[in-house]
2 protein chains.
Amino acid sequence: MTDLLGRLPGYALRRAANAVMGELGDILGDRGFRITEAAVLLLVQDRSDLTSSQIGKTLDIQRANMVPLLNRLEAAGWIRRKPLDGKSLAIVLTAEGAAKVTELASVIEVYEQGLLQRVPEEHRDHLLPALNAIWR
Amino acid sequence: MTDLLGRLPGYALRRAANAVMGELGDILGDRGFRITEAAVLLLVQDRSDLTSSQIGKTLDIQRANMVPLLNRLEAAGWIRRKPLDGKSLAIVLTAEGAAKVTELASVIEVYEQGLLQRVPEEHRDHLLPALNAIWR
DNA sequence: TATTGTTATACTCTATAACTATA
DNA sequence: TATAGTTATAGAGTATAACAATA
């Protein structure tokens, strides 16, 4: 039973995700972001009508944990809380935030391309559909 | 740019790993294990001459964090610290631990098979090599 | 001089419960 | 009555620094 762990998809998934999140965390950290913040910003760039709760549901972040996260993004001047009614707030990018996200998307795109290059060509196109089949 | 996150391998990797670790964590938790403990036990089942430091290097666990982990496994009666010389300790399974690991390996095997079944057949065989290429 | 096991500690990330104001 | 935003807090999991003993 040599190399048992290397043959378990679950373990490989964990190690691969840890490696990638570590690398991406360093890259984004150099630019003042955390990974989860980057995900929120990219989502908000896509859609400017989402509330904190909706973002949380989409990204699997607890509503309660969205608060300090958005506070940080707001304090940095990248997002704004825009009232939709007396209860809900839409999260929208500021002009400064939009510029930051453009830079961010570019950095991430470069990293993701490099990531795919690590995967042997015959497996490359299968990675994303396989991963999405697991959690979606 | 709709569904941007769904097209990023890094994000998909994170979500898939979180989903799988959550499920596996529940399954193992019902049996009194944490995921990392299970990994240690499987590795020790494979090789009975490894020290705490070597296990940590193999599984990417800090030496300092191995201590409470092994303490728990030892307190449960599943492993034993066996002196190799005046400095190093080999981690070996007890008889009770060996039985527990056999059960554990079976539970994990069932889960991993089910996990692979979620992946469409045309992508299935590519998952493990693609993941291992990313971190190994 | 480097390594092993260990202790203590800090930090990040995430989960839970409860409260309020509004739909 | 359910939902949104919020507060406070607790728990994992992981990282760092330091130390004694031994290789």
Side-chain angles (χ1 to χ4, degrees), chain A residues 11 13-15 17-30 32-40 44 49-75 79-92 135, chain B residues 11 13-15 17-30 32-40 44 49-75 79-92 135:
Chain A
Y11 184 75
L13 195 49
R14 180 172 143 118
R15 290 300 294 265
N18 283 350
V20 166
M21 290 309 123
E23 294 164 7
L24 205 45
D26 288 344
I27 293 171
L28 297 180
D30 290 342
F33 300 101
R34 299 169 198 183
I35 289 178
T36 316
E37 294 170 350
V40 168
V44 168
D49 59 338
L50 297 177
T51 65
S52 170
S53 289
Q54 289 170 325
I55 294 170
K57 277 173 194 156
T58 303
L59 300 181
D60 196 27
I61 304 170
Q62 301 293 323
R63 190 160 101 253
N65 294 328
M66 287 296 299
V67 179
L69 192 159
L70 292 177
N71 285 346
R72 241 182 64 87
L73 296 181
E74 192 172 41
I79 60 127
R80 194 164 51 84
R81 287 167 159 104
K82 175 185 162 193
L84 289 177
D85 54 33
K87 185 166 76 167
S88 297
L89 304 168
I91 307 303
V92 298
W135 72 274
Chain B
Y11 184 75
L13 194 51
R14 180 173 144 115
R15 290 298 295 266
N18 283 350
V20 166
M21 289 309 122
E23 294 164 7
L24 204 46
D26 288 344
I27 292 171
L28 297 181
D30 289 343
F33 299 102
R34 298 170 199 184
I35 289 177
T36 316
E37 294 170 351
V40 168
V44 168
D49 58 338
L50 298 177
T51 65
S52 170
S53 288
Q54 289 170 325
I55 294 170
K57 277 172 194 156
T58 304
L59 300 180
D60 195 28
I61 303 171
Q62 301 292 324
R63 187 161 102 254
N65 295 328
M66 287 297 298
V67 179
L69 192 160
L70 293 176
N71 285 346
R72 241 182 64 87
L73 295 181
E74 192 173 42
I79 61 127
R80 194 164 51 84
R81 287 166 158 105
K82 176 185 161 193
L84 288 177
D85 53 33
K87 185 167 76 164
S88 297
L89 304 168
I91 307 302
V92 298
W135 73 272

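We use all heavy atoms of the structure for the numbers below, so side chains are in, but hydrogens, waters and symmetry mates are not. All values reported here derive from a predicted model rather than from experimental measurement. First the proteins, then the strands, lettered A, B, ... as listed; each starts at 1.
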Using a cut-off of less than 4.0 Å, is there contact between a side-chain N or O of Gln62(B) and OP1 or OP2 of dT14(D)?
no
Taking only N/O atoms, report every protein-nucleotides 6-10 of chain D pair under 3.5 Å with atom names and distance.
residue: dT6(D); atom: OP2; partner: Arg81(A); partner atom: NH2; Å: 3.3

If I take atom CE in residue Met66(A) and atom C1' in nucleotide dC13(C), what distance separates them, rounded to the nearest angstrom?
14 Å
Can you tell me the distance, in whole Å, between the CD1 atom of Ile61(B) and the P atom of dT14(D)?
7 Å
Spacing of Asp85(B) atom CG relative to dG5(C) atom C1', expressed in whole Å:
12 Å
Glu74(B) CD to dT6(C) C1', in whole Å, measures 13 Å
Nearest 0.5 Å, please: how far is CG in Asp49(B) from CD1 in Ile91(B)?
11.5 Å
May I ask you to verify if any side-chain N or O of Ser88(A) is less than 4.0 angstrom from the OP1 or OP2 atom of dT22(C)?
no
Side chain to side chain contact (heavy atoms under 4.5 Å, CB included) between Val92(A) and Val44(A), intermediate numbers included
CA-CA 6 Å; Val92(A) 298; Val44(A) 168; 5.5 Å; no
Quick test: give all pairs of protein nitrogen or oxygen and nucleotides 1-3 of chain D nitrogen or oxygen below 3.5 Å, distance rounded to 0.1 Å.
residue: dT3(D); atom: O2; partner: Lys87(A); partner atom: NZ; Å: 2.8

What donor-acceptor contacts under 3.5 angstrom involve side-chain atoms of residues 54-63 of chain B, with partners at least two apart or in another chain?
residue: Gln54(B); atom: OE1; partner: Thr51(B); partner atom: N; Å: 2.9
residue: Gln54(B); atom: OE1; partner: Thr51(B); partner atom: OG1; Å: 3.4
residue: Thr58(B); atom: OG1; partner: Gln54(B); partner atom: O; Å: 2.8

Starting at CG of Leu24(A), measure out to CZ of Arg14(B) and round the result to the nearest 0.5 Å.
9.0 Å
Spatial distance of atom CD (Glu23(A)) from atom CG (Leu28(A)) [nearest 0.5 Å]:
11.5 Å
The salt bridge (Lys or Arg N to Asp or Glu O under 4.0 Å) partners of Arg80(A) (sequence neighbours excluded) come to none
What is the distance, rounded to the nearest whole Å, between atom CD1 of Ile91(A) and atom P of dA4(D)?
13 Å
What is the distance, rounded to the nearest whole Å, between atom CZ of Arg80(B) and atom P of dG5(C)?
15 Å
Rounded to the nearest Å, what distance is computed from the CG atom of residue Leu50(A) to the C1' atom of nucleotide dG5(D)?
16 Å
Nearest atoms (heavy-atom pairs only) where Gly25(A) meets Ile35(A):
N-CD1, 3.7 Å
DNA chain C contacts made by residues 20-28 of chain B, counting heavy atoms under 4.0 Å
none
Using 0.5 Å steps for rounding, measure from the CD1 atom of Ile79(A) to the CZ atom of Arg72(A).
11.5 Å
Could you pull out all residues at least two apart from Leu89(B) that satisfy side chain to side chain contact (heavy atoms under 4.5 Å, CB included)?
Arg81(B), Pro83(B)
Between Leu70(A) and Val40(A), is a side chain to side chain contact (heavy atoms under 4.5 Å, CB included) present by the stated rule, with each step listed?
CA-CA 9 Å; Leu70(A) 292 177; Val40(A) 168; 4.2 Å; yes
Minimum-distance pair of heavy atoms, taken over all atoms of Tyr11(A) and Arg15(A):
OH-NH1, 2.7 Å
Distance in angstrom units between Leu69(B) CG and dG5(C) C1', rounded:
14 Å
